[in-house]
Colleague: 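First the structure, which I've put down as structure tokens, then a few questions once you've had a look.
Only this structure's heavy atoms are used, side chains among them; waters, hydrogens and symmetry mates stay out. Lettering of chains follows the sequences in order, A, B, ..., and the numbering in each one begins at 1.
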Amino acid sequence: MSIKGRVFKYADNVDTDVIIPARYLSSSESAHLARHCMEDLDPGFATSVRPGDFVVALANFGCGSSREHAPLALKASGVSCVVASSFARIFFRNAVNIGLPLLECPEAAEAASKGELLEIDLGSGSIRNLTRGCEHRAAGLPPFIREIVAAGGLIEYTRARRPAMAAERGIPWMRKGALCDTL
Amino acid sequence: MPMTMTQKIIAAHTGAEAVEAGELVEARVDLVLGNDITAPVAIREFEKIGAQGVFDRKRIALVPDHFAPNKDIASAEQCKTMRDFARSMGIEHYFEIGEMGIEHALIPEKGLVLPGELVIGADSHTCTYGAVGAFSTGVGSTDMAAAMASGLAWFKVPKAIRVELSGALSGWTSGKDLVLHLIGILGVDGALYESLEFAGQGCPTLSMDERFTIANMAIEAGAKNGIFPVDALTREWAASVSGRAYREYSADPGAAYSRTVAIDLSSLEPTVAFPHLPSNTRAVSRAGNVSVDQAVIGSCTNGRIEDLRVAASILRGRKVAKGMRCIVFPATQKIYLQALREGLIEAFIEAGAVVSTSTCGPCLGGHMGILAKGERAVATTNRNFVGRMGSPESEVYLASPAVAAAAAVAGRLVDPSDIFPAPARTRANKEKA
């Protein structure tokens with residue numbers, strides 16, 4: 001399935017304090033987070049972003065705090081995928097866990113500019129820049145991560161395994177190698 | 001294949017003999033932590049799982065510290081969500097204000113993390129507990145929710161950077177100067193997805209409080225965790241906080257490191273990180289003329305008793321510069337009480353500083369010391385991103401308690417040794433080393 005949208009382009013080290021400032025963390029309600037998303041970096045973002053649009057940035061996107069409000073705010077804003085040269089690790093796992101698609105692709109991130117039109121195929125990792133007429137391919141997600149995403153996020157993944165885990169009460173963890181099994 | 005210290009702790013929690021860098025594993029967690037900002041989101045997600053209860057009532061810790069004592073009605077609701085959940089689930093380690101503190105100072109103080117344990121927390125500074133030889137790392141609220149139900153978390157086994165320490169700190173330099181210097185070398189993503197494993201003859205010369213400060217800021221270099229070897233001082237500390245048994249791990253000889261960074265502790269100078277990145281470091285002696293409106297001394301990075309002693313040694317008998325604000329936050333109730341008994345609180349108040357109850361407060365621009373447009377703070381906290389302490393047009397300079405206290409007196413960034421005689425090093429472990 002491919003998605004088309006416009007690029008909102010940012011530089012290196014976009015931190016979670018600018019994605020959603022702490023002064024707005026007294027609520028985790030979607031509309032509230034969307035209203036203030038990127039406010040300290042790009043005050044026009046919240047009013048101009050449309051469903052399907054992409055956030056494209058350079059290295060270390062999402063560094064700083066572990067607040068899940070950051071990927072939640074982007075998702076609530078309608079952002080369909082974040083493309084970056086690299087991601088800070090907590091942001092990466094939070095996005096996977098809540099089902100916000102991410103693609104790591106330095107070439108595509110560097111090539112894109114604000115306002116350009118991209119077509120992204122999450123399945124293949126293909127990123128086509130329709131404005132420039134070029135295409136790049138992001139590295140695929142590891143199978144275990146794809147499994148979480150396919151389940152609809154970590155909550156659904158955990159939910160699906162709950163009966164099995166309850167049956168194993170007393171040994172509430174799995175052995176290595178059993179990761180992708182449903183137990 | 002030889003493993004790093006972090007890899008050995010992860011392997012032990014998967015039930016596997018060995019793990020390799022890059023592998024994705026699911027591991028058993030010894031403790032799951034959350035605070036008043038991250039736990040309400042986790043509780044909402046936890047409820048969607050439909051679990052009857054939490055995996056273990058004794059292995060979850062909930063600490064209201066960010067916007068607590070409640071700063072407004074919305075924050076009060078978030079704290080209440082967490083309190084009600086703790087009650088209904090029978091969670092043992094819920095810490096109400098009065099017994100609380102900033103989570104990353106409180107959890108070790110309460111003996112809830114010991115060497116060799118695996119801790120996840122829905123707070124990025126959960127990496128603090130690497131100071132005691134544990135594997136601990138920050139995760140998000142959904143990870144926290146899943147772990148509260150299952151006792152499990154997924155990890156990508158990290159590679160490691162070895163940080164080889166030699167020599168010993170001297171004069172006014174501290175663990176904060178070391179970690180700022182290190183972040184300056186690595187950059188804010190220099191250790192992305194990797195462990196920082198501290199090693200070398202310099203490690204035993206560092207006090208536990210200094211190790212907490214250093215491990216705390218591993219995340220500021222993008223690291224998954226920062227970890228110290230277990231030594232005599234760690235064992236003495238562990239015995240003082242808990243009677244629980246624990247297991248020590250050390251890196252295998254021949255373990256692979258992606259790189260080694262060598263730092264001679266005796267060569268360090270008081271260091272400051274300029275806005276707006278923790279890696280934007282330079283020696284304070286080369287800071288130039290930077291006037292400051294507010295000094296913040298405290299936080300999960302530098303709100304421990306040694307930090308307060310250093311700050312008090314500079315502020316005692318002196319005055320905070322006219323027109324300058326100085327706010328001191330002891331990190332826990334216990335530290336606050338000890339500071340009171342040692343006369344540190346009196347020294348702060350007589351100098352014209354204010355002393356606050358334990359809270360993350362200003363560090364993340366929450367409350368209790370927010371900056372106006374154009375204002376500048378020197379803070380012993382951990383981040384200086386745009387808008388971190390208030391207005392997006394304010395500035396934060398990160399520094400040690402000595403530099404922050406000296407700035408409070410001088411009204412600008414100064415090298416403490418320019419104004420104040422260097423302290424006699426009183427670290428108890430120094431003699432043992």
Side-chain angles (χ1 to χ4, degrees), chain A residues 12-13 15-18 21-23 25-28 39-41 43 59-60 63-72 86-99 142-145 148 153-159 161-162 165-166 169 171-180, chain B residues 11 13-16 19 24-28 37-38 40-41 44-45 48-52 55-56 66-67 71-72 74-75 77-78 121-124 126 138-143 145-146 149-152 154 156 188-189 192-193 219 222 224 277 364-366 370 383 385-388 390 392:
Chain A
D12 288 328
N13 302 317
D15 61 78
T16 56
D17 279 290
V18 296
R23 58 186 180 275
L25 297 184
S26 49
S27 166
S28 56
E39 188 175 290
D40 287 355
L41 181 63
N60 203 29
C63 63
S65 118
S66 69
R67 63 189 70 158
E68 206 159 288
H69 309 64
L72 285 172
S86 66
F87 291 95
R89 58 162 285 276
I90 304 178
F91 182 89
F92 181 88
R93 64 185 298 139
N94 283 347
V96 166
N97 289 344
I98 67 155
F144 176 65
I145 304 286
I148 293 176
L154 185 64
I155 292 303
E156 289 71 17
Y157 177 81
T158 306
R159 228 174 114 88
R161 291 186 321 170
R162 190 169 59 84
M165 287 189 321
R169 201 177 286 283
I171 316 170
W173 67 91
M174 287 175 293
R175 285 182 302 281
K176 183 190 167 196
L179 299 181
C180 298
Chain B
H13 286 78
T14 61
V19 294
L24 283 151
V25 298
E26 207 156 26
R28 179 176 55 83
I37 291 181
T38 58
V41 178
R44 189 172 72 198
E45 296 305 306
K48 291 183 194 162
I49 297 172
Q52 298 295 313
F55 84 106
D56 190 335
H66 278 59
F67 292 168
K71 81 177 174 103
D72 53 24
S75 307
E77 296 293 345
Q78 295 199 132
D123 188 281
S124 60
T126 304
V139 297
S141 295
T142 298
D143 280 305
S150 66
L152 297 168
W154 65 270
K156 183 172 168 184
V188 289
D189 61 351
L192 196 56
Y193 296 111
I219 176 72
K224 184 172 210 131
L277 284 177
L364 77 160
I370 304 305
R383 291 195 177 122
F385 299 143
V386 171
R388 174 74 180 177

Colleague: Is chain B contacted by the side chain of Ser27(A), its backbone, both, or neither, given a heavy-atom distance below 4.5 Å?
Modeller: backbone
Colleague: Does any heavy atom of chain B fall under 4.5 Å from the side chain of Phe91(A), the backbone, both, or neither of them?
Modeller: neither
Colleague: Do the non-hydrogen side-chain atoms of Phe385(B) and Thr16(A) ever get within less than 4.5 Å of each other?
Modeller: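 Contact flag for Phe385(B)/Thr16(A) side chains = no.
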Colleague: Could you state the interatomic distance from OG (Ser124(B)) to CZ (Arg67(A)), rounded to the nearest 0.5 Å?
Modeller: 8.5 Å
Colleague: Is chain B contacted by the side chain of Leu72(A), its backbone, both, or neither, given a heavy-atom distance below 4.5 Å?
Modeller: side chain
Colleague: Under a 4.5 Å heavy-atom cut-off, does chain A meet the side chain of Ile370(B), its backbone, both or neither?
Modeller: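 The answer is neither part of Ile370(B).
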Colleague: Between Glu26(B) and Tyr157(A), which heavy-atom pair has the shortest distance, and what is it?
Modeller: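 Heavy atoms only, the tightest pair is OE2-CE2, 4.0 Å.
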Colleague: Check whether any side-chain N or O of Arg23(A) sits under 3.5 Å from a backbone N or O of Gly387(B) as a donor-acceptor pair, and report yes or no.
Modeller: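 Absent.
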Colleague: Identify which part of Ser86(A) has an atom lying under 4.5 Å from any heavy atom of chain B, answering side chain, backbone, both or neither.
Modeller: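 It is the side chain, since no backbone atom gets that close.
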Colleague: Taking atom CG of Asp143(B) and atom CD1 of Ile98(A), what is their separation to the nearest 0.5 Å?
Modeller: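 Output value for this atom pair is 11.5 Å.
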Colleague: Quick one: does Asp17(A)'s side chain get under 4.5 Å of Val386(B)'s, heavy atoms only?
Modeller: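 Asp17(A) vs Val386(B): side chains apart.
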Colleague: When you measure from the side chain of Asn97(A) to the backbone of Thr142(B), do you find a donor-acceptor pair of N or O atoms at a distance under 3.5 Å?
Modeller: no
Colleague: Need one label for Leu192(B): side chain, backbone, both or neither, based on atoms under 4.5 Å from any heavy atom in chain A.
Modeller: side chain
Colleague: For the atom pair CG (Asp123(B)) and OG (Ser65(A)), what is the distance rounded to the nearest 0.5 Å?
Modeller: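 One finds 7.0 Å between CG of Asp123(B) and OG of Ser65(A).
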Colleague: Closest heavy-atom contact between Gly140(B) and Asn94(A)?
Modeller: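 Taking Gly140(B) first and Asn94(A) second, the nearest heavy atoms are CA-OD1, 2.8 Å.
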Colleague: Check whether any side-chain heavy atom of Leu25(A) lies under 4.5 Å from a side-chain heavy atom of Phe67(B), and answer yes or no.
Modeller: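 The answer is yes; the side chains approach within 4.5 Å.
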Colleague: When you measure from the side chain of Glu45(B) to the backbone of Leu154(A), do you find a donor-acceptor pair of N or O atoms at a distance under 3.5 Å?
Modeller: no
Colleague: Name the one of Asn60(A), Asp15(A), Asp12(A) that satisfies side-chain contact (heavy atoms from CB on, under 4.5 Å) with Val188(B)?
Modeller: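 Single side-chain contact (heavy atoms from CB on, under 4.5 Å) partner of Val188(B) among Asn60(A), Asp15(A), Asp12(A): Asn60(A).
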Colleague: Given the options Pro71(A), Ala59(A), Gly64(A), which has more heavy-atom pairs under 4.5 Å with chain B than any of the others?
Modeller: Gly64(A)
Colleague: What closest approach, in Å, do Ser28(A) and Arg44(B) show between heavy atoms, and which atom pair accounts for it?
Modeller: OG-NH1, 3.0 Å
Colleague: Could you state the interatomic distance from NZ (Lys48(B)) to CZ (Arg159(A)), rounded to the nearest 0.5 Å?
Modeller: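 Output value for this atom pair is 10.0 Å.
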Colleague: Are any non-hydrogen side-chain atoms of Ile90(A) and Ile219(B) less than 4.5 angstrom apart?
Modeller: yes
